[in-house]
Amino acid sequence: MGDYAVPIGFVLARRLRTAPDRIAQTIAENLHGPFRAVAVKGYVNVTMDDQWWMERLSQGFVSYPKRSGKVLVEYVSANPTGPIHIGHGRGAVVGSVLENLLDRVYDLADSEFYVNDAGEQIRKFCKSVEIRIKQLKGEDAELPEDAYHGDYVVDVARSILERFDWDTLSEEERWNVLWHDAVDMMRQWHKETLEKLGVTMKAWTSERRIRQESWPEKVIDSLRKKDYVYEQDGALWFKSTLFGDDKDRVLVKSNGEYTYYLVDIAYHMEKINRGYNLLINVWGADHIGHVPRMNAALSALGFPDYLNVVLVQTVRFWRQGVAVAMSKRKGEFLTLDELIDEIGKDAARIMFITRSVDATIDFDIEVAKQKAMENPVYYIQYAYVRAKNILARTDERQFGNSVSFDSHERMLLRLLNAFEDRMALAVRKLDPFIIESYAWELSDAFHKFYQFDRVIGSEYENARWQLVERFTEVMEELFTLLGIEKLERM
RNA sequence: GCGCCCGUAGCUCAAUGGAUAGAGCGUCGGCCUCCGGAGCCGAAGGUUGGAGGUUCGAGUCCUCUCGGGCGCGCCA
């Protein structure tokens with residue numbers, strides 16, 4: 001069927017009032033270039049000349065579609081009240097691969113973790129730590145039902161007792177320690193977990209800072225000037241329905257507190273203020289309802305189309321047919337730390353992006369842990385190892401200079417040549433899965449080529465050698481994007 | 001009730017509106033004196049949940065419908 005097929009006959013049939021196969025026939029006969037064109041029904045099948053592919057090989061394939069702008073990818077943003085669990089893991093990998101990709105495509109791409117360190121949940125967490133401290137000191141104290149029950153809370157309590165002379169502290173000083181040091185320990189833990197997964201955030205933005213710098217007030221002022229707010233029942237409302245929301249939203253509650261919504265708008269305004277003109281948020285699917293509200297607010301503030309939310313569907317884990325609950329307060333879940341320890345960073349990363357972001361992932365925990373060897377990461381790493389192994393045999397080269405690419409080589413060539421297209425697709429869909437599956441397809445093509453075509457000592461040695469070299473180049477780039485290791489040996 | 005995501009092989013999932021819908025796992029059978037067998041080749045396995053519609057052409061787009069998931073707070 002050739003290297004490329006173009007259904008040009010079908011496309012032009014109506015306009016030319018001519019049968020598709022005749023159009024294709026005419027076009028095929030009149031096309032001239034470094035290829036052979038054959039008409040089949042309404043298609044024109046094009047087979048590129050061997051020399052054209054040789055020329056293409058000499059140029060290399062790694063290049064990106066270029067866009068201008070500064071991008072900020074915000075992801076994970078787990079509350080610092082518990083460990084990062086596996087559900088967050090998916091968002092973490094998706095975000096970090098997108099960051100890597102967009103950094104090649106746009107002028108700049110940064111990453112950021114938004115730390116919700118100011119809300120009611122934090123207060124509850126601090127309270128839980130305080131109770132654990134009392135218990136450690138033998139005092140009589142009971143954890144309420146809605147407190148954080150995980151063992152890590154005890155660890156935090158213990159660490160605080162080691163670092164502070166608790167008994168000498170006043171009530172206020174104690175709360176200060178909890179509010180800063182306990183929360184900071186959680187943030188530090190998150191940072192370490194993410195780094196184990198190969199994720200390094202460029203910035204950690206604190207909700208407290210957003211509040212301290214009066215961004216919520218700035219948002220209110222700005223909306224008020226445009227007459228987009230009103231008071232009702234003692235609360236301040238935003239006319240979000242003017243911007244496509246199905247209901248107006250409260251910004252300031254009747255008790256005077258800011259809603260999470262307002263603070264989040266403030267945070268986004270602050271991001272834009274830092275000079276970013278494309279905000280990518282990687283959110284769990286349970287935040288779906290938040291998307292139109294956020295877009296409404298940014299439109300009202302004069303920044304429509306700045307926000308692009310990547311909704312990542314849920315990861316559900318099963319153990320012997322039973323769904324594993326991901327409840328933070330109960331403390332019974334598989335943490336990301338545990339998963340990485342079990343199957344390794346690379347296998348864990350790939351696991352989260354072997355499916356498109358809008359597909360829910362179902363995993364049996366035991367299978368995920370035990371059958372790590374079936375992970376696609378080994379398939380692509382092995383293809384690379386095989387290629388590098390050939391290239392290492394420099395002293396055995398004899399330079400057979402004939403050129404005649406067979407079907408396996410052409411498959412590889414076509415795929416390599418598709419690099420920029422695939423990256424453009426990944427950017428358009430904002431889905432790392434596109435990159436992962438591309439790496440898998442390339443590896444598949446390479447394994448087949450490897451099986452059928454010998455490189456060293458072949459009369460086509462020079463051409464094949466170059467093909468293998470280009471393959472490793474592209475794979476190295478993909479490994480970088482995916483954030484997994486390139487191995488010389490396995 | 002409303003909004004979004006999904007429904008494709010036994011299971012988990014692919015497939016830029018194009019030709020005969022593909023992989024992995026599982027099942028069965030083959031392939032190394034040869035650049036690494038963590039690989040390759042073959043077999044079996046499908047009414048793409050269902051019904052209409054648009055199109056030269058629909059797994060893909062539209063309408064309806066059935067089933068599953070998530071969300072619809074002065075929670076975060």
Side-chain angles (χ1 to χ4, degrees), chain A residues 1 5-14 19-21 40-43 45 79 81 116 118-122 124 207 232-237 245-247 249-264 284-293 311-314 316 354-364 367 371 373-383 385-393 396-397 408 418 421-422 424-425 428-429 433-434 436-437 440-441 443-444 446-458 461 464-465 468 487 489-490:
Chain A
M1 281 202 298
V6 187
I8 187 72
F10 296 112
V11 178
L12 294 179
R14 171 167 302 209
D21 50 352
V40 181
K41 292 194 283 184
Y43 296 92
N45 293 336
N79 282 345
T81 54
N116 293 114
E120 187 56 34
Q121 295 305 317
I122 289 293
K124 203 173 281 179
E207 181 186 338
Q232 186 181 304
D233 304 327
L236 188 71
W237 296 70
D245 201 357
D246 53 359
K247 186 176 173 297
R249 304 289 166 179
V250 171
L251 297 175
V252 184
K253 304 185 219 173
S254 53
N255 66 5
E257 284 178 17
Y258 296 156
T259 58
Y260 172 84
Y261 176 48
L262 170 60
V263 183
D264 214 13
D286 55 340
H287 286 65
I288 178 72
H290 204 53
V291 177
R293 271 171 266 170
L311 280 180
V312 179
Q313 290 295 320
T314 37
R316 288 185 308 180
T354 49
R355 284 156 183 78
S356 62
V357 288
D358 35 317
T360 53
I361 297 182
D362 286 296
F363 278 113
D364 185 295
V367 173
K371 301 201 173 177
M373 291 305 268
E374 288 169 10
N375 195 296
V377 73
Y378 299 100
Y379 189 77
I380 65 182
Q381 284 177 327
Y382 185 44
V385 166
R386 281 179 145 180
K388 289 301 274 191
N389 205 264
I390 292 170
L391 298 181
R393 297 173 177 262
E396 296 174 38
R397 289 196 67 182
H408 298 103
D421 273 357
R422 293 297 183 103
L425 183 63
R428 193 165 77 241
K429 296 183 106 169
F433 166 73
I434 303 292
E436 190 275 344
S437 61
W440 194 92
E441 280 179 62
S443 303
D444 183 49
F446 183 82
H447 282 306
K448 282 166 182 155
F449 158 74
Y450 183 92
Q451 197 74 21
F452 287 93
D453 297 325
R454 197 179 165 79
V455 176
I456 305 290
S458 158
E461 185 178 276
R464 287 179 176 171
W465 184 277
V468 174
L487 306 174
R489 261 186 218 89
M490 293 175 73

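Everything numeric here is computed off the predicted structure, so don't read it as measured data. Throughout, a chain's letter reflects where its sequence line sits, starting with A, and its residues are numbered from 1.
- Within 4.0 Å (heavy atoms only), A:D245 reaches no atom of the nucleic acid at all.
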Please list, for nucleotides 73-76 of chain B, all pairs of protein and nucleotide N/O atoms separated by less than 3.5 Å.
unit_1, atom_1, unit_2, atom_2, d
B:C74, OP2, A:K247, NZ, 3.1
B:C74, O2, A:S254, N, 2.9
B:C74, O2, A:S254, OG, 3.0
B:C74, N3, A:S254, OG, 3.4
B:C74, N4, A:D233, O, 3.1
B:C75, OP2, A:K253, NZ, 3.1
B:A76, OP1, A:K253, NZ, 3.1
B:A76, OP2, A:Y260, N, 3.3

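- Using a 4.5 Å cut-off on side-chain heavy atoms (C-beta onward), A:E461 and A:I456 make contact.
- In this structure, A:V263 and A:E207 have side chains that are in contact, with non-hydrogen atoms separated by less than 4.5 Å.
- Here, B:C64 and B:G18 have their C1' atoms 27 Å apart, quoted to the whole Å.
- Every residue meeting the side-chain contact (heavy atoms from CB on, under 4.5 Å) condition with A:R428, not counting sequence neighbours, appears here in chain and number order: A:L425.
- Rounded to whole Å, atom C1' of B:A38 lies 14 Å from atom CG of A:D444.
- Residues A:H408 and A:Q451 have side chains not in contact (no heavy-atom distance under 4.5 Å, counting atoms from C-beta outward).
- Judged as a side-chain contact (heavy atoms from CB on, under 4.5 Å), and not counting sequence neighbours, the contacts of A:E257 are A:K253, A:N255.
- For the C1' atoms, the distance from B:C66 to B:G29 is 41 Å, rounded to whole Å.
- On the P atoms, B:U27 is 22 Å away from B:C32, given to the nearest whole Å.
- Distances shorter than 4.0 Å separate none of the side-chain N or O atoms of A:Y378 from OP1 or OP2 on B:A38.
- Remark: A:Q381 pairs with A:D346 by the side-chain hydrogen bond (donor to acceptor under 3.5 Å, both in side chains) rule, at least two apart or across chains.
- Atom P of nucleotide B:C4 and atom CD of A:Q313 are separated by 13 Å, given to the nearest angstrom.
- For B:C40, the OP1/OP2 oxygens have a side-chain nitrogen or oxygen of A:Y379 closer than 4.0 Å.
- Comparing B:G3 with B:A19, their C1' atoms are spaced 38 Å from each other, to the whole Å.
- With sequence neighbours left out, A:Y261 forms a side-chain hydrogen bond (donor to acceptor under 3.5 Å, both in side chains) with no residue at all.
- If you take CD1 of A:I288 and P of B:C70, they are 13 Å apart, rounded to a whole angstrom.
- When each of B:G69, B:G71, B:C35 is scored by its nearest atom to the side-chain atoms of A:D286, the top-ranked nucleotide is B:G71.
- Considering only residues two or more places apart in sequence or on other chains, A:Y450 meets the ring-ring contact (aromatic ring centres under 6.0 Å, His included) condition with none of them.
- Taking the nucleotide of RNA chain B with the nearest heavy atom to each of A:V40 and A:I390, the more 5' of the two is matched to A:V40.
- Residues passing the side-chain hydrogen bond (donor to acceptor under 3.5 Å, both in side chains) test with A:T314, sequence neighbours excluded: none.
- The aromatic ring of A:Y43 stacks onto the base of B:A19, its centre lying under 5.5 Å from the centre of the six-membered base ring with the two planes under 30° apart.
- On the P atoms, B:G67 is 35 Å away from B:G26, given to the nearest whole Å.
- What separates CG of A:D246 from C1' of B:C4 is a distance of 12 Å, to the nearest Å.
- Using a 4.0 Å heavy-atom cutoff across all strands shown, A:R454 reaches at least one base atom of the nucleic acid.
- Using atom P as the reference point in both B:G49 and B:A9, the two lie 8 Å apart (nearest Å).
- By the ring-ring contact (aromatic ring centres under 6.0 Å, His included) test, A:F433 is found to be paired with no residue, residues two or more places apart in sequence or in another chain being considered.
- Nucleic acid contact for A:V291: none, since no nucleic acid atom lies under 4.0 Å from a heavy atom of the residue.
- Distances were taken from every side-chain heavy atom of A:P7 (C-beta onward) to each of B:G24, B:G39, B:G18; the shortest belongs to B:G18.
- Checking B:C70, B:C5, B:G39 against the side-chain heavy atoms of A:Q451 singles out B:G39 as nearest.
- A:F446 places its CZ atom 11 Å from the P atom of B:G37, with the value rounded to the nearest Å.
- Residues meeting the salt bridge (Lys or Arg N to Asp or Glu O under 4.0 Å) test with A:R293, sequence neighbours left out: none.
- By the 4.5 Å heavy-atom criterion applied to side chains, A:D264 and A:H290 are counted as neighbours.
- Under the rule for a side-chain hydrogen bond (donor to acceptor under 3.5 Å, both in side chains), the partners of A:D246 that lie at least two apart in sequence or sit in another chain are A:R249.
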Short heteroatom pairs, N/O only, protein and nucleotides 14-17 of chain B, under 3.5 Å:
unit_1, atom_1, unit_2, atom_2, d
B:A14, OP1, A:S356, N, 3.4
B:A14, OP1, A:S356, OG, 2.8

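- Side-chain to base pairing of A:N45 with B:A19: one donor and one acceptor N or O lie within less than 3.5 Å of each other.
- Nucleotides B:A58 and B:C40 are separated by 35 Å at their C1' atoms, to the nearest Å.
- At least one side-chain heavy atom of A:V455 sits under 4.5 Å from a side-chain heavy atom of A:F449.
- One interatomic measurement links the two molecules: NE2 of A:H447 to C1' of B:G24, which rounds to 13 Å at whole-angstrom precision.
- B:C35 and B:G22 are spaced 30 Å apart, taking the C1' atom of each and rounding to whole Å.
- Counting only heavy atoms from C-beta on, A:M490 has its side chain closest to B:A38 among B:A38, B:C70, B:C35.
- Counting to the nearest Å, the C1' atom of B:C35 and the CZ atom of A:R489 are 14 Å from each other.
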**OP:** Let me have RNA chain B in dot-bracket notation, would you? Count Watson-Crick plus G-U wobble pairs, both distances under 3.5 Å, and use [ ] for pairs crossing earlier ones and | for inter-strand partners.
**Re:** (((((((..((((....[...)))).(((((.......))))).....(((((..]....))))))))))))....
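- The CZ-P distance, from A:F10 to B:A58, rounds to 12 Å in whole Å.
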